[in-house]
Amino acid sequence: MSILPKKWVRQLIYILLLLPTLLVGIDVLLLRLLPNSVHFVLPVNRHKAVITQLAFRECYFSVFCQPKPGFTRLEKNLFLNKKWIGQAFVEYQQSSWNDLTGDQPVVLDLAISNIEEDSKVAGNGNHLYPIRILNDLQGISGRRFISKIVGDDGKEEEVVYEIPSAKQIKEKGWEKLKYGLWVKYGPFDEFQAITNIDVLYGFEAKEVRHKWIKLPNPLLLNHVPVFFSFVRKGEKQLSKPKLKINSQGKFKILQVADLHFSTLNGTCQDPVPPLKPNESCFADARTLRFLNKVLDIENPDLVVLTGDQIYGDRAPDSQTAMFKALEPFISRKIPYALTLGNHDDEGSLSRDQLMEIVEQLPYSLSEKGPAEIDGVGNFYVPIHGSKSSNVAVSLYFLDTHKYSKQRKVHPGYDWIKENQLEWLGKAHNPYLENIENYSHIHLSMGFFHIPLPEYRDFHEKHLGSYKEGVMAPTFNSHARNVFGKLGVGVISVGHDHCNDYCLFDEKDEERDKTGNIWLCYGGAAGEGGYGGYGGTTRRLRLFSIDSQSNDISTWKRLESSPEDIFEEQILVKNGVTVWE
Ligand SMILES: *[C@@H]1O[C@H](CO)[C@@H](O)[C@H](O)[C@H]1NC(C)=O
Ligand SMILES: *[C@@H]1O[C@H](CO)[C@@H](O)[C@H](O)[C@H]1NC(C)=O
Ligand SMILES: *[C@@H]1O[C@H](CO)[C@@H](O)[C@H](O)[C@H]1NC(C)=O
């Protein structure tokens with residue numbers, strides 16, 4: 001006879017067996033359910049802060065994974081949530097300039113090996129030490145070898161290197177951490193000290209922040225490619241661009257709707273034509289090819305992004321996806337203004353965090369907008385006359401949110417709120433005099449993501465395709481009326497990928513419609529988003545403003561034939577919103 005009844009023993013064994021499963025379950029749940037605000041900290045640009053220590057931290061259970069005491073964690077899993085259990089993070093110690101004691105070393109440079117540990121140094125491009133280190137030690141005599149390298153600018157060049165000894169490298173301050181990362185420590189120097197670090201994911205990752213440097217090769221990790229990025233001394237932000245009608249009296253806007261970028265390559269959804277067996281299709285690369293082609297052809301003065309830049313489901317790191325989406329404009333120095341869609345914040349960052357980042361990027365005109373108004377990204381952008389500070393064109397941007405919060409009463413999508421409409425009515429007030437002083441006819445346009453309910457009033461007077469149901473809110477907050485009163489002649493949205501029409505919505509006092517307004521769709525540009533309805537080729541819409549004739553015209557370009565324009569039409573003629 002045993003001391004414990006057999007039933008108890010069996011139950012005990014079951015519990016013991018179940019315990020690890022339970023732990024993993026709780027862990028996974030916690031990981032998924034913890035609010036973003038707890039689980040994600042944006043790299044903060046503390047005033048005059050420098051990084052004094054770097055370390056990696058690996059853990060198996062997130063609940064037991066607190067940062068080392070005194071360290072700040074960059075809350076980005078280096079495994080990008082790809083491993084079932086197990087996370088790795090980079091952690092750092094920061095210190096203010098003033099708090100540095102004596103000759104306390106700080107981080108001066110970073111480099112990543114392009115091969116695993118200890119392969120022999122050969123002349124074939126496989127170096128024991130990263131090129132950044134060899135560059136840093138140029139002039140210290142050692143064995144010479146010639147290597148073809150790809151520089152930071154992507155160009156291949158032949159360089160003669162002298163191979164330093166391990167001792168010489170150590171004396172220069174370089175120390176080796178895990179995953180091929182080398183860190184150079186040394187005494188504080190205002191211009192050399194690294195003030196902030198970050199990581200971006202995937203071979204297609206782009207660093208677009210002012211003065212940030214992305215290391216050319218990824219960490220030696222057997223998961224997704226992870227690229228280190230860093231910035232030195234708190235560089236001055238670039239000033240916001242000022243929009244001006246050009247010397248020919250024209251201004252061209254490219255609308256980019258629904259890019260649907262992923263953190264990694266992205267998968268093509270409903271590609272046109274359908275893929276052949278075994279044909280592969282990387283959504284983001286294909287979208288970028290189209291976008292870059294149209295930018296080369298059109299060279300717009302402004303790009304307007306009307307939401308769903310990021311496909312949240314495929315963006316465990318939203319920042320990487322957003323940078324990839326904006327790189328074509330930033331590298332060309334084209335100003336851009338962005339509103340959020342319903343998918344942008346379904347990745348690792350909230351609407352607030354996304355706009356906080358985008359607001360500060362080079363050439364960005366996007367703004368979070370007043371905090372007391374519903375939504376993130378309600379803002380006004382003036383286009384000035386070519387020769388004065390008078391305002392020729394007013395552009396209004398609104399956040400159209402996501403899903404209704406009163407689903408029982410008003411199912412479907414959320415609507416533009418009363419306080420947004422109040423703000424909208426006076427958004428241009430700071431420029432009132434500049435608008436009144438403008439010698440020609442002042443024109444206005446509005447851009448956002450989710451269509452207005454009036455997009456449903458489809459009729460004869462339109463140009464373009466109507467292929468899918470209009471996913472407008474079921475509740476009408478009458479934004480249409482406010483836009484009408486403001487004299488907005490053209491509104492353009494995204495959201496419905498397979499509709500690309502412009503609808504002439506005539507004034508109708510009985511139905512609360514003041515002024516004629518063209519209600520347009522951009523038509524989706526991204527291969528990562530849906531595009532069905534019999535096959536819908538991705539497209540981009542352009543607007544041209546002529547300040548001499550006070551006209552606004554529009555046309556589109558297709559991914560399959562970007563050289564040709566189609567469905568060109570005049571929307572506003574001599575200041576009057578017309579159907580022609
Ligand atoms: C897609 O992913 C693979 C594997 O990570 C990578 O080699 C490639 O460069 C990526 N991009 C494209 C456009 O194929
Ligand atoms: C397609 O891929 C499969 C599996 O990789 C392979 O067995 C098959 O031969 C391929 N078919 C063609 C037509 O290339
Ligand atoms: C508008 O025009 C008036 C009269 O010429 C001038 O006094 C005023 O300074 C102008 N306002 C602005 C903001 O340019």
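For ligands, and for the atoms within them, numbers begin at 1 and follow the listed sequence. Note that this is a predicted model, so its numbers are computed, not measured.
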Query raised in the report: Has K206 got more than 12 heavy atoms of other residues, nucleotides or ligands less than 6.0 Å from its NZ?
Result: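 Count not over threshold, so no.
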
**Report entry** Neighbour count above 12 (heavy atom, 6.0 Å) for E509 CD
**Finding:**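 Not buried by this count: 12 neighbours or fewer within 6.0 Å.
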
Query raised in the report: Is any heavy atom of the protein nearer than 4.0 Å to atom 14 (O) of ligand 3?
Result: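 Yes, at least one protein heavy atom sits under 4.0 Å from atom 14 (O) of ligand 3.
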
Report task. Kindly indicate whether atom 2 (O) of ligand 3 is approached by any protein heavy atom to under 4.0 angstrom. Result ->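 Within 4.0 Å of atom 2 (O) of ligand 3, protein heavy atoms are found.
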
Query raised in the report: Of the protein's non-hydrogen atoms, which lies at the shortest distance from atom 11 (N) of ligand 3, and what is that distance?
Result: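 So the nearest neighbour among protein heavy atoms is E433 OE2, 2.7 Å.
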
Query raised in the report: Under 6.0 Å between the ring centres of Y380 and F397?
Result: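 No, ring centres 6.0 Å or more apart.
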
Query raised in the report: Numbering the atoms of ligand 3 from 1, which are under 4.0 Å from a heavy atom of N437?
Result: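 Those atoms are 1 (C), 2 (O), 3 (C), 8 (C), 10 (C), 11 (N), 12 (C), 14 (O).
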
**Report entry** Among K556, R541, R557, the one residue meeting salt bridge (charged side-chain N to carboxylate O under 4.0 Å, His left out) with E567
**Finding:**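 Of all the options given, the one that passes is K556.
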
